[in-house]
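What follows is a single structure, written as structure tokens, with notes after it.
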Amino acid sequence: MNVAQVIVDVPSMSIDRLFDYRIPDKYINVIEPGMRVIVPFGPRKVMGFIVTVGENTMLASEKMKDIEEVMDLSPILTSELLQLGKWLANTTLSFKISTLQVMLPQILKAKYEKELWLLAEEDSIPEELAKLFAGRAVVTFQEIEEREISYYFIQKYMKEGLVEVRYVVKSKETKKKIRWIEGIDPILLEEAKEDIPKNAAKQQDVLHYFIEHPQPIILKQLLGKLKVSRATVNALIDRGLLKTYEKEMYRDPYEDRNFQRTHPLPLTEEQAQAIKPIWKSIVDKIHEVFLLYGVTGSGKTEIYLQSIQKVIEEGKEAIVLVPEIALTPQMVNRFKGRFGSKVAVMHSGLSAGEKYDEWRKIQRKEVQVVVGARSAIFAPFQNLGIIIIDEEHETSYKQDDSPRYHARDVAIYRGEYHNCPVILGSATPTLESFARAKKGVYTLLTLAKRMNDRDMPEVHVVDMREELHAGNRSMFSIELQEKIRERLQKKEQIVLFLNRRGYSTFVMCRDCGHTMQCPHCDISLTYHRKQELLKCHYCSYETRMPNECPECQSDSIRYFGTGTQKVEEALNQTFPEARVVRMDVDTTRRKGAHEKLLAQFGEGNADILLGTQMIAKGLDFENVTLVGVLAADSLLHIPDFRSAEKTFQLLTQVSGRAGRHELPGEVVVQSYTPDHYSVELASQYDYEGFFNYEMRTRKTFHYPPYYFLALITVSHVNHAYVVQVTQKIVKLLTNTVQDNTIILGPSASPLARIKNRYRYQCMIKYKNNTDLHDHVRHILKHFETEMQHKDLQISVDFQPYQMM
Ligand code: ADP
Ligand code: ZN
Ligand code: ZN
């Protein structure tokens, strides 16, 4: 067993395979799959992951190099995750190394040193260890190397729980240590009390405290509690009456909050029906994918909680994915409140060190539940009992850069591996998921009623064309202005929503609401100012920018958009008495700003919350009775075949923010195309109506779920070269793929130039065609040298969500 296959940390096509290395004697029986090592690679030394350990190699023995160093003494990737990495590399055409790196917390990619920590009591350890530690709590690995102590021996004691390896990162993100303090035997303390001068009252107090409380306490807490100084405590330490030591403490980002303990609620009839098959899948250990379709407030989260409860009772573990943006304290509280310290939380607001701490809790089996954003799907649990994806329609579950994986696919892969259920929850499922549920690929579970039968708030759609005709040129319709005024008077709160994404790329007539669409692709054309052209980014159709509207001959046809800052100014002018909180990328950039602004609004220190996407989800404020959507169209016309679906989802989400509690809510949606089906059906909360309508469009224009998509994007500083390469790709594909595959392009990407690089794309629409991956792989191979030497970039995105 002296040959290891290693994936080295060199992300390059020619190196994207396994390399054989010899395991030197000192590492035999130490090295296992899933550990990281340092190996020589050409003139360099690089990190690598051990994938297999065996005896066979095709390499001549004089050609084989030795593994230089072992980085982990226990695997940091399980065999399941190694296998998952291989699958991801194949299905997303990513480098093997990237699929393994993506599973690990950032900090493990940093430079660090290893230390060996003694966990057991010093008087109970074997002689060898006692010799090594010689009274110390920690030794560095450098010392272990120098003294030539066998790793095998260290591993053995690790397994017995006597010692532990810790990583000391050479950056600020080291582990946080806390100083603890503890009294010696209370009986001895009692005696010692007599020796302390009576006028040393503070010392007396401290002694008294430890006589009453024999358990250790954090030094800081003790000082605060007894109002004594550090010097007082030190005096007692010097007398040998108190002991002190440092202990690693996890940075728990939620440590300061008190979680209101909650208990399972008696389920409603509907909830009981929905949870039954989930419980059955858990207990019978049969993998099944459930689509939990239920309007906001129908009790989906309670179903998640009680499913997890069952999983914990079975001695297993749970992953809950929540979109980054909805991972609010309110959401976290619901899981922490039910399962307390069994829950780890992972999201991008945590520092690298905090993330690492949460990850280690999972790895050490100290928690059974993780609640997190996309990457939490790789949580290194070994005994998964359920995977839940809340708001499954959220596009943030797809990673935009390599490896371009979708968390839903990974969830299903892991669910199959662990024979456990996967729950996809949403009030507005993706068309893909709902279609699969209708076909019986997923099991559909429906919650049709809101808790307490509360109605969804009423939605008023305002026609902005008419406002214009009536002479109102403000961003706020008369109806919205009146309703805002009314709320300000009643001291109720208002949420105003403005979608900023994609503004000013599409052209619309303000008089009649007509937008310029591609006749072949059913998406909005994008305005190119320089050439005065309108272009389709799927099929390369283009036409001149018209001077007047082709529908109504008005000259009010132009591109479209306003930013939140402008809206804020307009609000201050129209409602000078209103206190406005603006939440967008600019005001929430600083860590914790997001929460602060929300708290300000939640505590009633503001009347109007104005924001982008980030306010659409998860928020739950009692006093909000009016929600306004300022420009429903800006989302409707981004150049993306999902724009109607996204509009429907967003309007539904936003509406759910009003009237969640006792006070009834109202919604005002402003639109230039009020009769568009996505606006109309969202205002009626008619998901299934929307689904049926949209499915017909998808069928006509060959989009998912009827076809799969792949997007190839080519970029380079030389425009002609980009076009030429993309043309070649289209040609190569057209020659090889099956007849029912549709190749579109070359066409300029919607973001036609980024950082001086021109971008062109080719879109592939295909049926269940497994050899497409092979064809695309061939194409990448074809351009391999040009990618390496000419700085050509070709990226491939299967099932893309980001069409820019
Ligand atoms: P969703 O996740 O579908 O938006 P929630 O689970 O948040 O719905 O439920 C909405 C509200 O109803 C919450 O305040 C929740 O505590 C409450 N709720 C959920 N299930 C029950 C139940 N069985 N009995 C009473 N209240 C419930
Ligand atoms: Zn018009
Ligand atoms: Zn087109």
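Every number for a ligand or one of its atoms is a count from 1 in the order of the listing.
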Q: With the side chain counted from C-beta on, respond yes when L447 and I303 share a heavy-atom pair under 4.5 Å apart, and no when they do not.
A: yes
(Q) Only heavy atoms of K300, strictly under 4.0 Å: list the atoms of ligand 1 that pass. (A) 1 (P), 2 (O), 3 (O), 6 (O), 8 (O)
Q. Angle at the Zn ion (ligand 3) between SG of C518 and SG of C539, to 10°?
A. 110°
Q: Measure from atom 27 (C) of ligand 1 to every heavy atom in T262, T296, L265, I303 and give the option owning the shortest one.
A: L265
Q. Does ligand 1 have any atom that is closer than 4.0 Å to a heavy atom of G294?
A. no
Q) Which pair of non-hydrogen atoms, one from S298 and one from V295, has the smallest distance, and what is that distance? A) OG-O, 2.6 Å
Q.
Distance check below 2.8 Å: does H537 bring an N, O or S atom to the Zn ion (ligand 3)?
A. no
Q) When you measure from the centre of the six-membered ring of Y541, is the NZ or CZ of K535 under 6.0 Å away and within 45° of the axis? A) no
Q. Does any N or O in the side chain of Q761 come within less than 3.5 Å of the main-chain N or O of V714, such that one atom is a donor and the other an acceptor?
A. no
Q. From the Zn ion (ligand 2) out to just under 2.8 Å, does an N/O/S atom of H514 turn up?
A. no
Q) With a cut-off of 4.0 Å, which atoms of ligand 1 are near a heavy atom of T268? A) 23 (N)
(Q) Under 4.0 Å, heavy-atom basis, I'd like to know which part of P266 is in contact with ligand 1: side chain, backbone, both or neither. (A) backbone
Q: Number the atoms of ligand 1 from 1 as they appear, then name those within less than 4.0 Å of a heavy atom of L267, with their elements.
A: 23 (N)
Q.
Among G299, S426, A427, which one puts a heavy atom closest to atom 8 (O) of ligand 1?
A. G299
Q) Checking R696 against Y693: charged group under 6.0 Å from the ring centre and within 45 degrees of the axis? A) yes
**Q.** Side-chain donor/acceptor of E317 to backbone N/O of V370, under 3.5 Å
**A.** no
(Q) Can you tell me which portion of V295 lies within the under-4.0 Å heavy-atom range of ligand 1? Options are side chain, backbone, both, or neither. (A) backbone
Q: Give, rounded to 10 degrees, the angle between SG (C549) and SG (C552) as seen from the Zn ion (ligand 2).
A: 110°
Q: Examine ligand 1 and decide if any of its atoms is less than 4.0 Å from a heavy atom belonging to R450.
A: no
Q) Any chance the side chains of S426 and E392 put a donor and an acceptor closer than 3.5 Å? A) no
Q: Run the salt-bridge test on E394 and K646 with the 4.0 Å N-O cut-off and return the result as yes or no.
A: no
Q) So, E694 and Y677: side-chain donor and acceptor under 3.5 Å apart, yes or no? A) yes
Q: Heavy-atom contacts with E302 under 4.0 Å: which atoms of ligand 1 show up? List them by number with element.
A: 6 (O), 19 (C), 20 (N)
